Every structure is written in structure tokens, then in C-alpha cells.
**Q** 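Starting off with a structure, shown below.
Naming convention: chains lettered A, B, ... in sequence-line order (proteins, then strands); numbering from 1 in each chain. Side chains included, hydrogens not; waters and symmetry mates left out as well; all remaining heavy atoms used. No experiment lies behind these values; they were computed from the predicted model shown.
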Amino acid sequence: MNIFRLCGDLSHLLAILLLLFKIWKTRSCAGISGKTQLLFTIVYTARYLDLFTSFVSVYNSVMKIVFLTASYGTLYLMFYKFKPTYDHNHDSFRILYLIVPALVLSFIIVHVYTVMEILWTFSIYLEAVAIMPQLFMVSRTGEAETITSHYLFALGSYRALYILNWIYRYYTEDFLDWITIMAGIVQTILYCDFFYLYITKVLKGKRLSLP
Amino acid sequence: TLVYPDKDEL
């Protein structure tokens, strides 16, 4: 554990809680992509199956359980409790275009050929692109509520902080895992446009709207 | 060095 990793995890946690808070407080999931939320739930489910097979630390297990619970909770709020507020017309990204390539790639580039390892690798690849339906939705509607922008910023920062963590771990522990590093870089690059808009608009008190 | 199966990251 290092400071970049801890900040990354806290940023990730903040993002997930912010989203739940936004939906609960406004009693609405307008502007949130259900497809991105579904993809994240698939990601956590595929990755955290190791809760049953290996124990790393209390911190690690608690975070995994929180991420899993929160993501299923978000799906419940979006597709059941506040379903009428879900803006599915604008959530039209085809997620099979993300799931299938991620699955194929996880059979091609993987450390070890075991079911758990392939599922873990699949989750890493899928996570890298899981935000695309949400970004597509923002680009289609041309705007995002401020709290949604904060959510996206925290979610994007998390993997960017992990990149710093991997650099740090490479120098201090000789830790190097190219699968997570390359996927993490792709994931962070996808947010770059959004980061720019967030810094130039949202932080100056303006609403995020596209030209 | 590769650290499989030590997956301590989230």
C-alpha cells in the first residue's frame, strides 16, 4: 500500500458513493448510463470472485464487498426503484461491442490459463472501456449535472492514481503487471476529454455542457 | 517480476 494506491481507492469509493447519493437524493437516475453501471457490476463480479478463494487483507475484502454491494445497489435503484427516471433513449451504446472484444482479448493476452485468471483479466479489459456508454450518453445529451461530473471525475482519477501507484511499485517493489498497466492507461486516456471539460468548466462553477 | 497470483489491488 502506498499513498497513490490509497488515494486511488478512496477516489473510487467516493465516486461510487457519490453516484448512490445523487440517485437517492434526487430520486432520479437521469443522465446516468445504466449500461455503464451494468458493465461495472459485471467487472466487480468477475474480478472479486477471489473473495471466496483467497484472502489478502481485511481492507481488501471490505473494499471488494463495498464495491460489489454498491454496484448491485445502483442497478437496483436504476432498473427497479427509480426505473421511470432512467433515460434509456439516450443510453444507446451497444455494450456487446465492448464485452465481446474484452472477452476475446482475455483469452489471448492472459498470464495463466485458469478460469479465475481469465475472468480477472476479462474484468480488467472490460473496466478499461466500461465508461464508454456513459461518456457517449453525455455527448448525446450534450450536458451532465454537476454531481454527475464530480462522479465521473472521481471515477477517472482513480485509475490515473493507480498509474502513479504502478510506477511507484515498479521502483520500490519491482512490481510490474503489463495487463493492468496497459488497460489502466487506456482507461485513463478515455477520460482525458472529460477531465479537460471538468477543469475548464465545472471547477469554475459552470455546468458541464458541450459546445 | 510477475506477481501472479498475488492480486492485492482492487
**Q** Chain B heavy atoms under 4.5 Å from Y158(A): which part of the residue, side chain, backbone, both or neither?
**A**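 It is the side chain, since no backbone atom gets that close.
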**Q** Less than 3.5 Å apart, which donor and acceptor atoms pair up between the side chains of residues 5-16 of chain A and the rest of the protein, not counting sequence neighbours?
**A**
{"residue": "R5(A)", "atom": "NE", "partner": "D9(A)", "partner atom": "OD2", "Å": "3.0"}
{"residue": "R5(A)", "atom": "NE", "partner": "Y162(A)", "partner atom": "OH", "Å": "3.0"}
{"residue": "R5(A)", "atom": "NH2", "partner": "D9(A)", "partner atom": "OD2", "Å": "3.2"}
{"residue": "R5(A)", "atom": "NH2", "partner": "D8(B)", "partner atom": "O", "Å": "3.2"}
{"residue": "D9(A)", "atom": "OD1", "partner": "Y162(A)", "partner atom": "OH", "Å": "2.6"}
{"residue": "D9(A)", "atom": "OD2", "partner": "Y59(A)", "partner atom": "OH", "Å": "2.6"}
{"residue": "S11(A)", "atom": "OG", "partner": "A154(A)", "partner atom": "O", "Å": "2.7"}
{"residue": "H12(A)", "atom": "NE2", "partner": "Y44(A)", "partner atom": "OH", "Å": "2.9"}

**Q** If you count the non-hydrogen atoms of other residues, nucleotides and ligands that lie under 6.0 Å from OH in Y168(A), is the total more than 12?
**A**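 No, the 6.0 Å shell around OH holds no more than 12 heavy atoms from other groups.
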**Q** CZ of F55(A): more than 12 outside heavy atoms within 6.0 angstrom?
**A**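 Yes - once you tally the heavy atoms of other residues, nucleotides and ligands closer than 6.0 Å, there are more than 12.
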**Q** Evaluate whether atom CG of D193(A) has more than 12 neighbouring non-hydrogen atoms of other residues, nucleotides or ligands under 6.0 angstrom away.
**A**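 Counting other residues, nucleotides and ligands, CG of D193(A) stays at 12 neighbours or fewer.
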**Q** Under 4.5 Å between any side-chain heavy atoms of M116(A) and K7(B), yes or no?
**A**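 Not touching, per the 4.5 Å side-chain cut-off.
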**Q** Can you confirm whether Y113(A) is buried at OH, in the sense that more than 12 heavy atoms of other residues, nucleotides or ligands lie under 6.0 Å from that atom?
**A**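 Yes, enclosed.
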**Q** Enumerate donor-acceptor pairs with a distance under 3.5 Å from any side-chain N or O in residues 94-108 of chain A to protein atoms, sequence neighbours excluded.
**A**
{"residue": "S106(A)", "atom": "OG", "partner": "A102(A)", "partner atom": "O", "Å": "3.3"}
{"residue": "S106(A)", "atom": "OG", "partner": "L103(A)", "partner atom": "O", "Å": "2.7"}

**Q** With a 4.5 Å heavy-atom cut-off (strictly below), which parts of residues 119-135 of chain A touch chain B? List them by number.
**A**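 Those residues of residues 119-135 of chain A which have a heavy atom under 4.5 Å from chain B are W120(A).
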**Q** In chain order, what residues pass the salt bridge (Lys or Arg N to Asp or Glu O under 4.0 Å) check against K35(A), with sequence neighbours excluded?
**A**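 In terms of salt bridge (Lys or Arg N to Asp or Glu O under 4.0 Å), with neighbours along the sequence ignored, K35(A) is linked to no residue.
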**Q** Within a strict 4.5 Å, meaning less than it, do heavy atoms of the N165(A) and E9(B) side chains meet?
**A**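 When only atoms from C-beta onward are counted, E9(B) and N165(A) do touch, with a gap below 4.5 Å.
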